Amino acid sequence: MTAGPAQGETTEFTNPNLELMYSADEIAERVRELGAQITAEYAGNELVLVGVLKGSCVFLADLMRAIDLPITIDFMSVSSYKDGTQSTGDVEILKDLSNPIRDKDVIVVEDIVDTGLTLTRLLEILGSRGARSIRLASLLDKPEPRIKKELKIDYTGFVIPNKFVVGFGLDVAGRYRNLPFIGVVKDPDKA
Ligand code: IMP
Ligand code: MG
């Protein structure tokens with residue numbers, strides 16, 4: 001361990017290779033709105049938030065604190081099989097839910113919907129387990145590469161252009177999940 005950055009040096013959060021897309025304040029405001037909407041729509045029901053690991057963890061942590069209802073949370077981890085860089089839609093469950101969702105109202109919480117292949121398969125798997133309802137919340141919606149056009153996102157934070165974004169849970173090779181904002185990596189070959 002060394003001491004912190006010297007004056008004038010850039011840090012992970014001030015990395016000049018990142019271009020700001022949504023600030024922490026903008027995200028907080030939007031998450032508050034989504035939480036208020038979910039609170040109003042689910043009043044009187046037993047709501048389970050299912051976070052899809054790992055990308056959803058930051059959004060889930062904020063969203064759950066914006067929902068003023070008795071809720072529980074659970075997690076799933078899936079890996080999508082890739083054919084080159086394109087996901088094939090086949091998913092392997094690496095970690096399943098800890099509790100049954102039978103007769104529960106479920107909201108699956110994701111970081112971003114891109115092609116929609118992974119989530120479509122995940123929703124099919126969860127759809128066979130007798131939940132009362134299953135909806136989808138995603139912090140980001142990147143509709144341009146969407147293959148599963150029929151996939152419905154019930155609660156969307158922001159609709160974004162076809163750019164690779166990081167921060168607020170989103171990563172490139174595991175890095176940048178801790179950024180408090182959402183940014184675009186300007187040059188993917190640079191750190
Ligand atoms: P898809 O919808 O099956 O293509 O897979 C979506 C997954 O790809 C997301 O859950 C992310 O893990 C990842 N992903 C897609 N676009 C981005 C991005 O712009 N930044 C970081 N991860 C992304
Ligand atoms: Mg993900």
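Predicted model, so just to flag it, every value in this text is computed and none were measured. Just follow the structure's listing: the first ligand is 1, and inside any ligand the first atom is 1.
Taking the six-membered ring where tryptophan is involved, the planes of Phe158 and Tyr22 are essentially parallel, since the angle between them stays under 30° and well short of 60°.
Taking a cut-off of under 4.0 Å to the non-hydrogen atoms of Lys163, the atoms of ligand 1 that pass are 19 (O). Close contacts between ligand 1 and Glu110 involve ligand atoms 10 (O) [criterion: under 4.0 Å to a heavy atom]. Per-residue contacts place Leu170 under 4.0 angstrom from the following atoms of ligand 1 (heavy atoms of the residue considered): 20 (N), 21 (C), 22 (N). Within ligand 1, counting atoms from 1 as listed, the ones closer than 4.0 Å to a heavy atom of Asp171 are 21 (C). Close approach of ligand 1 to Thr115 (heavy-atom distance below 4.0 Å) involves ligand atoms 1 (P), 2 (O), 3 (O), 4 (O). Within ligand 1, the atoms closer than 4.0 Å to a non-hydrogen atom of Leu117 are 2 (O), 3 (O), numbered from 1 in the order shown. Taking every heavy atom of Thr118 and a limit of under 4.0 angstrom, the matching atoms of ligand 1 come to 1 (P), 3 (O), 5 (O).
Between the CG atom in Leu69 and the OG1 atom in Thr39 there is a gap of 5.0 Å [rounded to 0.5 Å].
In this structure, Gly116 has a heavy atom closer than 4.0 Å to ligand 1.
Of the N or O atoms in Leu119, none lie within a sub-3.5 Å distance of an N or O in ligand 1.
A donor-acceptor pair is defined here as one N or O able to donate and one able to accept, closer than 3.5 Å; no such pair exists between the side chain of Arg121 and the backbone of Leu117. The backbone N or O of Pro16 lies less than 3.5 Å from a partner atom in the side chain of Lys186, making a donor-acceptor pair. Between the Lys148 side chain and the Thr115 main chain, no donor and acceptor come within less than 3.5 Å of each other. Between the side chain of Ser138 and the backbone N or O of Asp141, no donor-acceptor pair lies under 3.5 Å.
Nearest to atom 20 (N) of ligand 1 by heavy atom, out of Asp111, Val166, Leu53, Val165, is Val165.
Listed by first then second residue, pairs satisfying salt bridge (Lys or Arg N to Asp or Glu O under 4.0 Å) with a partner in residues 153-164 read Lys152-Asp154, not counting sequence neighbours.
Residues forming a side-chain contact (heavy atoms from CB on, under 4.5 Å) with Thr72 (at least two apart in sequence, or on another chain): Val48.
The side chain of Lys142, and not its backbone, has at least one atom closer than 4.0 Å to an atom of ligand 1 (non-hydrogen atoms only; side chain from C-beta on).
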